[in-house]
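Remarks on the structure that follows.
Fair warning: this is a prediction, and the values are worked out from it, not measured in the lab. Naming convention: chains lettered A, B, ... in sequence-line order (proteins, then strands); numbering from 1 in each chain.
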Amino acid sequence: MKIRILGGCLRMFSWGAVLLLTGSVLVLLGYLLVKGVPSLGRELIFGQVDVLDAVLLRKRVFDGLFPAIAGTLSVVLLSVGLAIPVGVCAGIYMSEFATVLQQRVFGLMFDILAGIPSIVIGLFGFSGAIFIHKYVSNDFRPCMAVSVVALAFLVLPYITRTTQASLQGLSIQIRQAALALGATRVQNIFYVLLPQSFSGILSGIILAIGRCAEDTAVIMLTGVVATAGIPGSLLGSYEALPFYIYYISSQYTDSAELMSGYGAAIILLGVCAILFLLAFIIKRQLAGPAGPEPGRFYV
Amino acid sequence: MSCKKNIMMVVLVVAVTFFQVPAQAGTIDPFSGLSGEIRISGGTAHIPVMKEAAKQIMSANPEISISIAGGGSGVGIKQVGEGIVDIGNSGRAPSDAEKEKYGLKLFKWAIDGVGVAVNPDNPVTSLTKAQLKDIYSGKITDWKGLGGKEAPITVYTRDESSGTREVFWKKALDKGDIVSSANFVVSNGAMKTAIANDPNAIGYVSVGHMDASVAGVALDGVSPTIDTVKSGEYTVARGLYSNTKGDPSGLTKLFIEYLLSPEGQQIVVQKGFVPVN
Amino acid sequence: MTRITQKAARIVFFFSAAASAMAAALVFGFLLVFGFPLIGGGEFFSLLTRRWSPGQGLYGFLPMITGTAAISVLSIVFAFPLSLGTVCFMGGLGPAWISRLLDGFVRFMTGIPTVIYGFLGIFLLVPFVRTLFTSAGSGMCILSASLMLSLLVSPTMIIFFKDGFDSVDFRYIQAADALGADNVQRLIYVILPGAWPGIVTGVIMGLGRAMGDTLIALMIAGNAVHVPGSILDSTRTLTAHIALVSASDYESLAFKSIFACGLTLYVLNALAVIAVRRLGRKRGPV
């Protein structure tokens with residue numbers, strides 16, 4: 001009898017939790033869409049300038065999101081580009097060559113790096129920039145290069161972890177087949193293991209791209225500014241979409257600017273949501289042929 | 001009759017063509033043909049003027065790129081002193097110590113005031129200095145005693161590197177205490193937004209920034225408007241400075257000259273400040 | 001030829017791994033070096049207990065520590081029942097097709113940037129809190145920040161809880177079903193006890209995420225520098241403090257104290273990571 005009451009309560013509780021969670025998020029997103037969709041359009045991104053002129057960099061965009069979007073794109077591509085080789089190689093080492101002790105120690109360091117609050121990484125980037133400014137070159141200051149390196153630090157653990165996990169997740173037959181045929185370990189890695197675990201690694205990369213695109217704390221301390229135009233050089237300041245949203249939220253001067261903030265939020269949300277969903281779908285495809293793993297209790 | 005009209009038309013057209021004042025005054029011309037970067041940071045009160053000036057210059061000459069950051073007067077002075085930016089804006093004159101340490105050169109291009117502001121729905125429109133000091137030090141905590149609704153006062157303030165804060169603290173608060181439960185905002189723009197969104201707010205903001213979204217509060221009977229700042233009646237005033245490390249040269253020099261030129265001063269007026277020329 | 005490529009490749013891999021591992025140490029090193037003047041003098045512990053008043057030469061961050069603690073703990077208090085309830089729902093208390101949708105929805109939530117939570121918090125949540133609690137002043141307070149933060153960390157906690165649920169040996173579940181247990185009994189007697197390490201891990205990871213978040217606290221907690229007295233008080237977290245002070249200065253003693261702040265956050269995070277790894281090892285093969 002008691003268990004039935006408890007069961008009933010538990011059921012109500014779990015339904016309540018689900019409704020509350022999904023309800024609040026849907027309300028928030030609904031509000032965002034309702035307020036922001038009207039402002040979406042060519043003018044939001046390109047201001048008064050013609051689309052072609054802006055994209056071909058013939059004319060500057062002053063009242064649109066284009067510089068911020070370009071800034072975010074550049075910084076994301078560069079930092080993920082920096083992190084991929086290092087991360088993938090590190091993941092390969094961890095999965096193929098590392099001793100147990102190395103796995104433990106390196107694994108601990110990777111986990112610590114993954115958990116460092118992003119503002120602390122931003123602080124590190126800033127201090128690095130000041131260090132270079134003082135002791136190497138007086139012209140150096142917080143700029144896109146610093147942001148790129150700091151963001152690479154931020155997403156390195158994602159790529160390393162997913163590379164390691166996807167390589168280790170390959171079945172023993174795949175791992176040993178080429179070796180049995182006389183291939184060297186390195187040949188095995190490049191010709192067999194990497195191609196096989198490609199989708200896993202790719203999903204990790206996409207996750208890293210999403211993480212970079214949405215991050216605000218790191219870039220706030222390492223070179224992003226409110227007005228800078230299209231990123232000109234690695235050693236210059238730049239704008240970024242998440243920083244624009246933060247900046248506008250506290251300092252909008254009229255309702256048009258506030259509306260552009262909503263529009264920017266929708267764009268950022270859309271980009272991140274698509275990236276994470278993509279990563280998830282790719283990972284699902286990976287697990288697909290093997291079927292759901294044993295132990296899934298709600299199949 | 002129509003013949004006369006036609007001649008009139010021709011004369012009119014010719015007159016208009018030849019007497020047309022060019023939209024861009026000649027002060028943009030020194031920038032033509034040049035390329036490079038100008039890095040600006042510092043006072044947040046300066047930003048609207050900076051943005052407009054940058055827009056004019058960059059539209060006329062796409063080879064020049066101007067980046068503008070905020071941070072407050074303290075940041076502007078330090079960054080220009082350390083060579084991180086070319087122009088450091090400040091809403092207060094750099095101290096002698098700062099001038100000597102960094103070798104700064106000052107250029108004042110506008111006069112501005114720092115006004116007390118409350119939400120437009122707040123019935124309180126005037127305070128004495130004593131009342132203001134008590135509000136900020138935490139002695140008065142409710143709007144009731146001041147003529148407003150019964151509601152707790154939310155105090156807003158800026159961080160220590162803000163020039164706006166410095167002027168307000170020195171001249172309006174007579175260096176009094178600021179209560180530790182005050183909310184912090186990071187710029188004049190943010191202060192405006194915070195006050196506009198909170199019916200019980202009180203804060204201080206650059207007079208040039210004030211618009212319909214906040215209501216200026218008269219201090220000891222004097223309203224914070226551009227006219228009272230200009231006439232000197234409103235004493236909580238300060239200059240808007242652009243500082244450079246040593247004598248400015250190249251694009252930086254041209255930019256500062258532009259700010260002080262008739263066209264630049266027109267932008268200053270347009271954005272709500274008092275011009276110096 | 002191949003032997004050299006082999007050796008070279010192996011060296012490259014090793015250096016990548018070593019460099020990545022050194023990254024964490026490098027961050028720690030920079031923080032230590034830059035904060036040294038304040039830390040070296042043995043003042044670190046006094047910093048933990050003093051208040052912040054740079055005008056009077058006080059660079060302690062006690063108010064910020066209480067701010068971080070208050071917001072993080074409160075957000076976990078909100079998020080824990082939400083997450084546990086959701087996972088129990090997915091664990092059989094609700095229809096399977098909804099569970100699958102829910103799974104996708106939670107994954108989607110992990111992709112929502114925190115700046116968006118902060119942005120929506122300012123315009124939707126803060127006025128709501130302000131009208132609901134008249135003593136909340138501006139509505140920018142611990143309560144608002146915690147509510148938003150709980151939405152941010154819930155997906156993380158849900159995923160870890162679910163991993164814990166999944167790790168319960170399927171044979172036990174089958175045994176319970178064979179003995180005639182219904183969904184509720186199976187949940188309470190078999191799954192929850194076995195998933196306990198996963199639940200603890202989830203709480204720790206959620207707490208870590210909550211402590212490390214900057215934007216939500218920066219945008220909706222008010223940033224006042226006092227020790228908060230109630231959840232309707234405005235407060236400042238360590239992370240927001242770093243963002244605010246960094247934005248304004250980098251030479252003074254005030255700024256150097258920020259590195260001590262950063263170190264505190266770093267150490268707290270490292271402790272959490274070590275605790276989670278210990279838990280994972282204790283569980284071993286289930």
Side-chain angles (χ1 to χ4, degrees), chain A residues 3 7 10-11 13-14 16-18 20-22 24-25 28 31-32 86 89-90 92-94 97 106 108-113 115-117 119-120 123-124 126-128 130 153 156 160 184 186 210 214 216-217 220-221 242 245-246 249 265 268-269 272-273 276-277 280 294-298, chain C residues 2 5-6 9-10 12-14 16-17 19-21 23-24 27 30 34 81-82 85-86 88-93 96 99 102 105 107-113 115-116 119-120 122 124 151 154 165-166 170 173 184-185 208 212 214-215 219 239 242-243 246 250 262 265-266 269-270 272-273:
Chain A
I3 192 72
L10 207 57
R11 236 181 262 270
F13 168 69
S14 65
V18 168
L20 201 55
L21 188 70
T22 49
S24 0
V25 175
L28 287 176
Y31 179 77
L32 177 64
V86 181
C89 289
I92 294 176
Y93 185 81
M94 289 292 284
F97 296 103
F106 285 175
L108 177 67
M109 300 299 274
F110 292 160
D111 281 348
I112 290 183
L113 185 64
I116 300 180
I119 194 88
V120 176
L123 191 60
F124 161 71
F126 183 68
S127 56
I130 298 298
F153 269 64
L156 197 59
T160 306
T184 63
V186 176
E214 71 157 5
T216 324
M220 245 166 62
L221 300 190
I245 297 174
Y246 162 67
S249 73
L268 185 64
L269 183 62
C272 290
F276 274 85
L277 231 57
F280 179 59
R296 287 252 174 248
F297 55 88
Y298 71 95
Chain C
T2 332
T5 341
Q6 279 256 57
R10 196 175 163 144
V12 166
F13 294 152
F14 175 72
S16 307
S20 311
V27 172
F30 262 86
F34 269 75
L82 279 180
T86 308
C88 286
F89 185 98
M90 298 204 277
L93 292 185
S99 300
L102 206 52
F105 186 73
R107 303 273 168 178
F108 164 71
M109 273 179 74
T110 59
I112 301 180
V115 65
I116 301 235
F119 187 77
L120 292 171
I122 292 184
L124 201 51
L151 284 182
S154 291
F165 275 42
D166 286 345
F170 196 51
I173 298 178
V184 176
Q185 290 168 323
T214 312
L215 267 304
M219 291 164 98
T239 46
I242 294 179
S246 296
Y250 64 87
L265 282 168
Y266 187 101
N269 159 64
V273 166

Shortest non-hydrogen pair, A:Ala90 vs C:Ser20, comes out as CB-OG, 3.7 Å
Gap separating the CZ atom of C:Arg10 from the OG1 atom of A:Thr184, nearest 0.5 angstrom: 12.0 Å
When rounded to the nearest 0.5 Å, the distance separating CZ of C:Phe13 from CE of A:Met94 is 14.0 Å
In this structure, OH of C:Tyr266 is separated from CD1 of A:Ile116 (nearest 0.5 Å) by 4.5 Å
If every non-hydrogen atom of C:Gly85 is compared with every non-hydrogen atom of A:Phe13, which pair is closest and at what distance? CA-CE2, 3.8 Å
Which heavy atom of A:Ala217 sits nearest to which heavy atom of C:Thr214, and what is that distance? CB-OG1, 3.9 Å
Spatial distance of atom CD1 (C:Ile112) from atom SG (A:Cys272) [nearest 0.5 Å]: 10.0 Å
Counting only non-hydrogen atoms closer than 4.5 Å, does C:Leu82 touch chain A with its backbone (N, CA, C, O), its side chain (CB onward), both, or neither? both
Side-chain donor or acceptor of C:Asn269 paired with backbone N/O of A:Ile112 under 3.5 Å: yes
Work out which heavy atom in C:Leu120 is nearest to a heavy atom in A:Tyr31; give both atom names and the distance. CD2-CD2, 3.9 Å
Below 4.5 Å, heavy-atom pairs only: which of A:Leu10, A:Thr160, A:Leu20 has the largest tally toward chain C? A:Leu10
Evaluate the side-chain contact (heavy atoms from CB on, under 4.5 Å) criterion for residues C:Phe14 and A:Phe97: first the C-alpha distance (whole Å), next the side-chain angles of each, then the deciding distance (0.1 Å), finally the verdict. CA-CA 8 Å; C:Phe14 175 72; A:Phe97 296 103; over 6 Å; no
Quick check: closest heavy atoms across C:Ala23 and A:Phe153, and the distance to 0.1 Å? CB-CE2, 3.5 Å
Are side-chain heavy atoms of C:Met109 and A:Val25 found at a separation under 4.5 Å? yes
Could you check which of A:Gly7, A:Cys89, A:Ala273 has the highest count of heavy-atom pairs closer than 4.5 Å to chain C? A:Cys89
Hey, which of A:Leu113, A:Val120, A:Leu21, A:Leu123 has the most heavy atom pairs under 4.5 Å with chain C? A:Leu123
If you define the side chain from C-beta out and look only at heavy atoms, does anything of A:Val186 sit under 4.5 Å from C:Thr5? no
Heavy-atom pair count under 4.5 Å with chain A, highest-scoring of C:Gly212, C:Ala24, C:Ala21: C:Ala21
What pair of heavy atoms forms the shortest contact from C:Phe34 to A:Ser127, and how long is it? CZ-O, 3.3 Å
If you tally heavy-atom pairs under 4.5 Å against chain A, which of C:Ala270, C:Ser154, C:Pro81 wins? C:Pro81
Between A:Ile92 and chain C, with a heavy-atom cut-off of 4.5 Å, which part of the residue counts as in contact: side chain, backbone, both or neither? side chain
Starting at CD1 of C:Ile116, measure out to CG of A:Leu268 and round the result to the nearest 0.5 Å. 5.0 Å
What residues form a side chain to side chain donor-acceptor pair (under 3.5 Å) with C:Thr86, not counting sequence neighbours? none
C:Leu215, part contacting chain A, at a heavy-atom distance under 4.5 Å: side chain
Rounded to the nearest 0.5 Å, how far does CG of C:Leu265 lie from CD1 of A:Ile119? 9.5 Å
